[in-house]
Amino acid sequence: MTLHVKLFGMLKSLVGDQTDVTVALTDGNQVRDLIVLFQAQYPKIGELLLNKKVIVSINHEIAHPETTISSTDEIAFLPPFAGGSGQLRST
Amino acid sequence: MTLHVKLFGMLKSLVGDQTDVTVALTDGNQVRDLIVLFQAQYPKIGELLLNKKVIVSINHEIAHPETTISSTDEIAFLPPFAGGSGQLRST
Amino acid sequence: MSMVNVDIEASMLVRVQRENFSVDAEIDRVRAQSKRIGGIATFLGTARDRSKGRDVSGISFEHYEGMAQKTLREIRERALKDFDIIEVLILHRYGEIDIGENIVLIVVGAEHRADAFQACRWCIDELKQITPIWKREQTPQGEEWVEEHP
Amino acid sequence: MSMVNVDIEASMLVRVQRENFSVDAEIDRVRAQSKRIGGIATFLGTARDRSKGRDVSGISFEHYEGMAQKTLREIRERALKDFDIIEVLILHRYGEIDIGENIVLIVVGAEHRADAFQACRWCIDELKQITPIWKREQTPQGEEWVEEHP
């Protein structure tokens, strides 16, 4: 099955400013398999996924390594969030 | 010397809705003497002053029993404050 | 001349007035003080329709002209000294106020939000405790001066 | 029909939008929910001209459409459940934002001010931690995605 993975923030600059990438998965694949696939095809993104600097969401929910992916899922890679304004305190 | 004492909030209703009362003091009189004078002439206000439910201000500063009063002072009696809105928490 | 401007500016940042106010306009006064401001904490007090278990149909505030302003100026200056903040605005209305309407506004601008929140909360707590302002409530049983505790 | 109205109303209380907003108009949405509201705590985040010791000439925000709104709705619902408050509004802008302009707004209406302050602070802290929104800063060294920590 073919899926589009949405990319946000700095991740886009790692794939030539694309907003998503297309990946081929097989039935029963889990999020861990997706990460392995990115380690091979997009090593920089793969490393960020492995270090949990970037997290995976499926259908607008945070996913876990063992979450199974189905063909209708909306998958996105989320770099560290930076909404709001400023910081809590001076650093 | 003759002074006008400004009244606020519920104090006005204790003297027929006047916004101030006139009192005769002598040179060197202190706030404690003013309180004694009110105990005699306006016992309800005198009691509130004695119990510190009402505080005395002189020239926009909180006064103490031993503060000396001079003829050019602006004197006011201040019932418990109630600015702002609502309360800190449910009671 | 610049001293005059500073005084005019400071006098707009602490006010006791009859008229209603725009929160946007007051926030803009604070924001105009510095581009370093990243967080603005605001407290707006409004007139509730209940107080101590009674219905309230309207309220009015009386203040001690001069002393009320002096007290609020002192609160602003202490907040600027004691908290890591950039600007403070304090505004209280007097006269008749309908239910749901604005009564009091505190606006605090800071680089960081924790400081803005702390100072804003301190200002409204302090205002209630030391500012010579009194409240009268209209209830079905008549009008009454309120002894409010912080 | 009333269900539709409730949904429209709730959708106005949590928004991610490009346009600027009026704090007065947003406060009025909250205030309109109940005459029991006596205290409204607000946090307004604005664009600072400095960040981590660098000059910043402008910022822009990107959000994950759908997931960002879902997350903010969940924050609002948890705040309504966990604090003694009456209403919450959460609004975040996306796109280009000039220095000094509004970025984010939290408005919390409660009977009592301590509850309003606590919930408001919790909402902005939580928003920063779990909402899929990203920030890009323009600095003299070029544009950069920011990794901000709460």
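Computed over heavy atoms, backbone and side chain alike; hydrogens, waters and symmetry mates excluded. The model shown is predicted, which means the values in this text are computed figures rather than measured ones. Below, chain A is the first sequence line, B the second, and so on; all start at residue 1.
- Of the atoms belonging to D:Y94, not a single heavy atom falls under 4.5 Å from chain A.
- With a 4.5 Å cut-off on non-hydrogen atoms, D:E65 touches chain A through its backbone but not through its side chain.
- Contacts from residues 10-41 of chain A to chain D, taken as heavy-atom pairs separated by less than 4.5 Å, involve A:M10, A:K12 in sequence order.
- The CD atom of D:Q129 sits 10.5 Å away from atom CZ of A:F81, with the distance rounded to the nearest 0.5 Å.
- Within residues 66-74 of chain A, the residues approaching chain D closer than 4.5 Å by heavy atoms are, in numerical order, A:E74.
- The CG atom of A:L7 sits 9.5 Å away from the CD atom of D:E62 when rounded to the nearest 0.5 Å.
- No more than 12 heavy atoms of other residues, nucleotides or ligands lie within 6.0 Å of NZ in D:K35, so this atom counts as exposed by the packing criterion.
- Within a 6.0 Å radius of CD in D:E74, other residues, nucleotides and ligands contribute more than 12 heavy atoms.
- Of the two parts of D:Y64, the backbone and the side chain both hold a non-hydrogen atom closer than 4.5 Å to a non-hydrogen atom of chain A.
- In this structure, the side chains of D:W134 and A:P79 come closer than 4.5 Å at one or more pairs of heavy atoms.
- Shortest non-hydrogen contact noted between A:A82 and D:V146 is CB-O, 3.5 Å.
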